[in-house]
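Only heavy atoms go into these numbers, but all of them, side chains included; no hydrogens, no water, no symmetry mates. FYI, the numbering just counts along the sequence from 1.
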Amino acid sequence: MPIKRKFLGELLVEVGMITNEQLDECLKIQVTSKERLGKILKSKGYVTDQQLMEIMEFQLGVPIVNLDSVNLSSALSQYIPESLAKKHSFAPIKASEGKLYLAMNDPLDFIAIDDAKMVSGLDVFPMIAPEQSIDDAITKIYGNVYAKDALKDLAEESSLEEAALGLTQHNANISNAPIVRLVNSIFEQAVKAKASDIHIEPAEKEVGVRMRIDGQLIPVLKIPKNAQSAVLTRIKIVGNMDIAEKRIPQDGRYGLIVSGNEIDVRISSLPTVHGEKIVMRLLDKNNFMISKEKLGFSKDNIEKFELLLKNPHGVILVTGPTGSGKSTTLYAMLGSLNARTENIITVEDPVEYTMAGINQVQVNVKAGLDFSNGLRSILRQDPDIIMVGEIRDQETVDIAIRAAITGHLVLSTIHTNDAPSTITRLIDMGIPSYMLAAALVGVLSQRLVKKICPSCKEEYKPSKFDLKAAGLPAGFKDTIYEGKGCSNCNNSGYKGRRAVHEILVIDREIREMMSRNESVDVIREYAIESQKMRTIGDECIDLMKKGITSIKEVIATAYSYQGGE
């Protein structure tokens, strides 16, 4: 059924969702901002995305489409160029029998529909989808298109080795050069896919590109072997690394902006038998400043978290493996503690997010400013609260403990398997147990657990081994789910992650245990029984029972955490 040509604002006023005054206000904003009316209406709080979709479906007869359940192939890019899809915020989702089905946030945008008809040469059938889902669909459809085009142009160059040798700091920024476009497209695809890392991996006959998405490495691109030198040289140039040195590991940094997001890229090169392997960690600075309410704490743990932050002095440690969100939690702590009446100073490597009202120090090892030296200097700056990015050695932890004993609140991170074992780790680092008992006030251990993809979620029958490895009884009867894998989750079965926590509050009894050098098992049992401490394994199992994560993810997280018991 053809859609009656009517403006979105007119429709919303007609059904009583907004007033004429509200429409006029938003239209005036649109004149200067050039944004779509629907986006302005949502930003003003007059309508929600769901309300917009439902009213258009009911009034216009345009169906809502769940893009998570649609198989989005890069072949769809032949019908609509990426520039047009981004301009009008629509995505081609199917082409059949001379018809092009188009996911749109505003099916009343007839200029967009006419442009799609003209470019594709097909009859356009609009469908309604949320704006964020459309953005994600565009990323899936067009993700590798620019990279493959750049590879094609790169293959036509007379000598890729000469191209690599010809790359210098002066001409590295020529945006139309195929090698520059290729590397830029890899960065852009990684940011849009919310990847935490990019791996450039030289092999014998080709160079593989993989991205870590939701904790898993996903292959995304293969680069010809003869383009290896040019690609690696380009990356080393943007990272201010030595392009002539290929025999030793190097580190570099690069800052870029993608879709308005400021991204900090840490680059590491490592010589391998087939050439230098490069790993790039992506840090979206916009993701660091989140409130403590959004960290995913359970009700009991948020109360313990609040209790820890009320301490006027002492050491609070956040522990977990690399990539478990420790830095994000530290920044949430700082945001909660930040007040004009207190002097807060940090020493970090690197400073991942700049916060107003907080004095942040960047580690510079070459200049002699490491964590321990920085911490010593901070203590001469009359601080109230100190944040040390990471405790790496005995000297740093010794200074931190002494700072806490002398009346400062010290926040930091350390690598241990769980909260109670942090105590033995610090004692092993040379801290006397009586000093540790006087200084330590709490330990927060955390992990990131992958969530089942809602598009391919299905019931799963666990084996006896699964149940035993997850610490569950053989007669466990709760329904368990897993993701079978689909295009929406890169066939991994998982989409997104959430944090699980374990908080150990150091009370009088635990201090006495520490002074008596009790074992970590005794301390853990006391915390579980007397403090009702929920372990990371407990939280993982709760998520599994709620259908949020799988038993395989429980095993991967809790089994290793339990030490294989």
| Close side-chain approach of His199 and Ile278, heavy atoms under 4.5 Å | no
| task | List the atom of Ala400, the atom of Val410, and the distance in Å for their closest heavy-atom pair. | result | O-CG2, 3.8 Å
| side chain to side chain contact (heavy atoms under 4.5 Å, CB included) between Ile345 and Asn343, worked out | CA-CA 7 Å; Ile345 308 179; Asn343 179 21; 3.6 Å; yes
| task | Indicate yes or no: at least one non-hydrogen side-chain atom of Ile385 is less than 4.5 angstrom from one of His408. | result | no
| said: Ignoring hydrogens, what is the shortest heavy-atom contact between Met544 and Val554? Give both atom names and the distance. | reply: CB-CG2, 3.8 Å
| Side-chain H-bond candidate by donor/acceptor type, His274 with Gln228, under 3.5 Å | no
| query | What distance do Leu270 atom CG and Asp251 atom CG have between them, rounded to the nearest 0.5 Å? | reply | 10.5 Å
| Are Asn184 and Arg181 close enough that a side-chain donor and a side-chain acceptor fall under 3.5 Å? | no
| Closest approach of Gly325 to Leu448 (non-hydrogen atoms, all atoms of both residues) | N-CD1, 4.3 Å
| For the atom pair CG (Leu217) and OG (Ser492), what is the distance rounded to the nearest 0.5 Å? | 12.0 Å
| said: According to side chain to side chain donor-acceptor pair (under 3.5 Å), who are the partners of Asp242, at least two apart in sequence or on a separate chain? | reply: none
| CG on Leu308 to CD on Glu306, rounded to 0.5 Å | 10.0 Å
| Hey, is the main chain of Ala332 close enough, under 3.5 Å, to the side chain of Ser336 for a donor-acceptor pair? | no
| Do the side chain of Lys326 and the main chain of Gly320 share a donor and acceptor less than 3.5 angstrom apart? | yes
| By side chain to side chain donor-acceptor pair (under 3.5 Å) - contacts of Asp466 (at least two apart) | Tyr460, Ser463
| message | To the closest 0.5 Å, what do you measure between CG (Asn359) and CD1 (Ile386)? | response | 11.5 Å
| query | Who passes side chain to side chain donor-acceptor pair (under 3.5 Å) against Thr319, sequence neighbours left out? | reply | Thr416
| query | Should Arg253 and Asp264 count as side-chain neighbours, where that means a heavy-atom distance under 4.5 Å? | reply | yes
| Taking C-beta and beyond as the side chain, do Lys545 and Phe476 meet within less than 4.5 Å on heavy atoms? | yes
| task | Would you please name every residue forming a side-chain contact (heavy atoms from CB on, under 4.5 Å) with Arg281, sequence neighbours left out? | result | Asp197, Arg266, Leu283, Thr322
| request: Answer yes or no: is there a donor N or O on one side and an acceptor on the other, between the side chain of Lys304 and the main chain of Gln531, under 3.5 Å? | output: yes
| Listed by chain and number, what are the side-chain contact (heavy atoms from CB on, under 4.5 Å) partners of Arg516, not counting sequence neighbours? | Glu509, Glu512, Met513, Glu518
| If we ignore angles and hydrogens, is there a donor and acceptor under 3.5 Å between the side chains of Asn301 and Glu539? | yes
| remark: For Asp370, the salt bridge (Lys or Arg N to Asp or Glu O under 4.0 Å) test, sequence neighbours excluded, returns none
| task | Rounded to the nearest 0.5 Å, what's the gap from CD1 on Ile510 to CD1 on Ile423? Could you check? | result | 6.0 Å
| request: Go through the steps to decide whether Asp393 and Thr396 satisfy the test side chain to side chain contact (heavy atoms under 4.5 Å, CB included), and finish with yes or no. | output: CA-CA 6 Å; Asp393 52 47; Thr396 304; 2.7 Å; yes
| request: Not counting sequence neighbours, which residues clear salt bridge (Lys or Arg N to Asp or Glu O under 4.0 Å) with Glu201? List them please. | output: Arg210, Lys277
| field | Sidechain N-carboxylate O distance under 4.0 Å for Lys457, Glu482 | value | no
| query | Looking at CD of Gln360 and CE of Met355, how far apart are the two atoms once the value is rounded to the nearest 0.5 Å? | reply | 7.0 Å
List, one per line, each side-chain donor-acceptor pair under 3.5 Å for residues 427-435, sequence neighbours excluded.
| unit_1 | atom_1 | unit_2 | atom_2 | d |
| --- | --- | --- | --- | --- |
| Ser433 | OG | Asn517 | OD1 | 3.4 |

| said: If the condition is salt bridge (Lys or Arg N to Asp or Glu O under 4.0 Å), which residues does Asp214 pass it with, not counting sequence neighbours? | reply: none
| message | Going by ring-ring contact (aromatic ring centres under 6.0 Å, His included), name the residues that satisfy it together with Phe187, two or more places apart in sequence or in a different chain. | response | Tyr254
| request: Report the C-alpha separation of Glu553 and Lys450 in whole Å, then their side-chain angles, then the decisive distance to 0.1 Å, and conclude whether the salt bridge (Lys or Arg N to Asp or Glu O under 4.0 Å) test is met. | output: CA-CA 7 Å; Glu553 187 64 5; Lys450 294 193 285 288; 3.2 Å; yes
| query | For Ala438, does its backbone N or O pair with a side-chain atom of Arg511 as donor and acceptor, under 3.5 Å? | reply | no
| Side chains of Tyr494 and Ser550: does their closest heavy-atom pair fall under 4.5 Å? | yes
| Does any N or O in the side chain of Glu245 come within less than 3.5 Å of the main-chain N or O of Arg247, such that one atom is a donor and the other an acceptor? | yes
| request: Please confirm whether the backbone N or O of Ala527 pairs with a side-chain atom of Ser530, one donor and one acceptor, at under 3.5 Å? | output: no
| request: Side-chain contact test, heavy atoms from C-beta onward, threshold under 4.5 Å: evaluate it for Phe305 versus Leu307 and give yes or no. | output: no
| message | Please give me the minimum heavy-atom distance between Ile257 and Glu262, naming the atom from each residue. | response | CG1-CA, 4.4 Å
| Less than 4.5 Å apart, any side-chain heavy atom of Asp384 and any of Ile344? | no
| Considering all heavy atoms, the nearest Gly493-Cys456 contact | CA-SG, 4.2 Å
| request: Using the ring-ring contact (aromatic ring centres under 6.0 Å, His included) rule, collect all pairs that involve residues 495-545, keeping only residues at least two apart or in two chains. | output: Phe297-His501
| task | Just jot down the salt bridge (Lys or Arg N to Asp or Glu O under 4.0 Å) partners of Lys222, sequence neighbours excluded, or say none. | result | Glu206
| query | CZ of Arg402: more than 12 outside heavy atoms within 6.0 angstrom? | reply | no
| query | So which heavy atom on Ile200 is nearest to which on Pro202, and how close? | reply | O-CD, 3.4 Å
| said: Can a donor-acceptor pair be found, under 3.5 Å and without considering hydrogens, that links the side chain of Glu502 to the backbone of Ala419? | reply: yes
| query | Short question: side chain of Ser269, backbone of Gln250 - any donor-acceptor pair under 3.5 Å? | reply | yes
| request: Show the numbers, then the answer: is there a salt bridge (Lys or Arg N to Asp or Glu O under 4.0 Å) between Lys42 and Glu131? | output: CA-CA 11 Å; Lys42 286 182 286 184; Glu131 194 165 11; 3.3 Å; yes
| said: Taking Thr557's backbone N and O only, do any of them form a donor-acceptor pair with Arg447's side chain (distance below 3.5 Å, no angle check)? | reply: no
| query | Is a salt bridge present between Lys532 and Asp300, judged by a nitrogen-to-oxygen distance below 4.0 Å? | reply | no
| field | salt bridge (charged side-chain N to carboxylate O under 4.0 Å, His left out) partner of Asp418, the single match among Arg534, Arg425, Arg524 | value | Arg524
| Between Thr413 and Met387, is any pair of side-chain heavy atoms under 4.5 Å apart? | no
| field | Test item: Thr549 side-chain N/O and Lys451 main-chain N/O as donor-acceptor pair under 3.5 Å | value | no
